[in-house]
Amino acid sequence: MMTAAAALLAAGTATKAADVEVLHWWTSGGEAAALNVLKEDLESQGIGWQDMPVAGGGGTQAMTVLRARVTSGNPPTAVQMLGFDITDWAQEGALADLNILAGMEGWDDVVPEALQKFSKYDGKWVAAPVNVHSTNWVWANKAVLDELGIAPPQTWDEFVAALEKVKASGKTAIAHGGQAWQEATVFDAVVLSTGGPEFYNKVFVDLDEEALGSDTMKQAFDRMAVIRSYVDDNFSGRDWNLSSAMVINGDAAFQMMGDWAKGEFLNAGKQPDTDFLCFRFPGTEGKVTFLSDQFALFAQGPEVGKEQAALAAAIMSPNFQSAFNVVKGSVPARTDVSDEAFDACGKKGIADLKAAAASGNLVGSMAHGHANPAAIKNAMYDVITAHFNGEYDSETAVEELVNAVQINK
Ligand code: GAL
């Protein structure tokens, strides 16, 4: 049977489809390996790949470059995007309408509701979700933990005790990269652990000033300060994948990072449960702060370009969703993909997502643009990072967070 993309391609003229130009921020070893799965898939269909990488987790730099490209009238064919950034571009009318393809392939039935909220705008599919990541993970070097007699901590107090033990051994307890988006990534997990999902949604989604200014928020900042006291002296500006390398090499015990970190461990030939452990940030078991990388296609005219349709169809194919996410560290953006090919962390990720969605414990990652729009997110980044770097005490950070929201709301 002809795939929907092939049908769309056949419906067009007989000319060869052009290259796709893809703007993305997947530049680490593990990310590049995952992206290759997509490149090869398209190349096997005779579609060339023009790479437009803009490094920087969370896509902040990529979004700046995108704005410049669009302003100069030269948007890329396809762009990796997160959450509210998709909504913003759709609102500007810049994105292609994928409804014909989505309808032919039945995307409505297989993409989780929480993702559709971002993939669709005004009833139209405007982006194809390639994965679901989550930020409330801890990655640990198993040999280091075994040597020090540390079991994966379940609670905040157990976590602090474990950090203390590692520090006393002379190793780095927490591998962290001092970049605003990385601090915000840790903050996602800390807020969820400290306040629970209802509080999390109140502060990050509803922007409720009382919750933002509460003692619970102060406690979350106090915990960030504790975390800060267990990072090494050279953390400032470090890229996240170099922090992963510290855990991979056994120089550090833990990294708090989204599950793209697993892509780095795998890319270094490491196996879960043997070389490294993955567990939910203490106090967040059963809960998930999610984000989904999606590819938005920029409108090139009234119809979706042939190569754009092929890209979207390739991304949504169940086989591709399995092959790609096994390498990327994320889980499929479709509910009908088997977990068979996934390792222990991937299987846990798939099960956690399903359970969290069913129990009201699935929340959008603030750090990765799935809780509030870029203006608010960036204002929150500034406060979180200033506090992490000792510019604000916790009380001031709480006040500044309330101010940041008031000004940018
Ligand atoms: C996220 C993205 C992930 C990963 C990470 C670090 O925003 O969703 O796939 O790439 O940044 O670069």
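What you see below is based on every heavy atom in this structure, not just the backbone, and it leaves out hydrogens, waters and symmetry mates. Start at 1 and go down the list; that is how both ligands and their atoms are numbered.
- Counting only distance, with no hydrogens or angles, the side chain of Thr289 and the backbone of Thr135 share a donor-acceptor pair below 3.5 Å.
- Under the 30°/60° scheme for interplanar angles, the aromatic rings of Phe204 and Tyr200 are found to stand perpendicular.
- For Phe298, the ring pair (Phe, Tyr, Trp, His ring centres under 6.0 Å) partners at least two apart in sequence or on another chain are Trp89.
- For the salt bridge (Lys or Arg N to Asp or Glu O under 4.0 Å) with Asp232, the qualifying choice from Lys171, Lys167, Arg238 is Arg238, the only one to do so.
- The environment of NZ in Lys409 is crowded: more than 12 heavy-atom neighbours from other residues, nucleotides or ligands sit within 6.0 Å.
- For the residue pair His370 and Ser292, the shortest heavy atom distance occurs at NE2-N, 3.1 Å.
- Protein residues with a heavy atom under 4.0 Å from ligand 1 are Trp25, Trp26, Glu31, Gly57, Gly58, Leu82, His133, Trp181, Trp240, Trp260, Leu291, Asp293, Lys328, His368.
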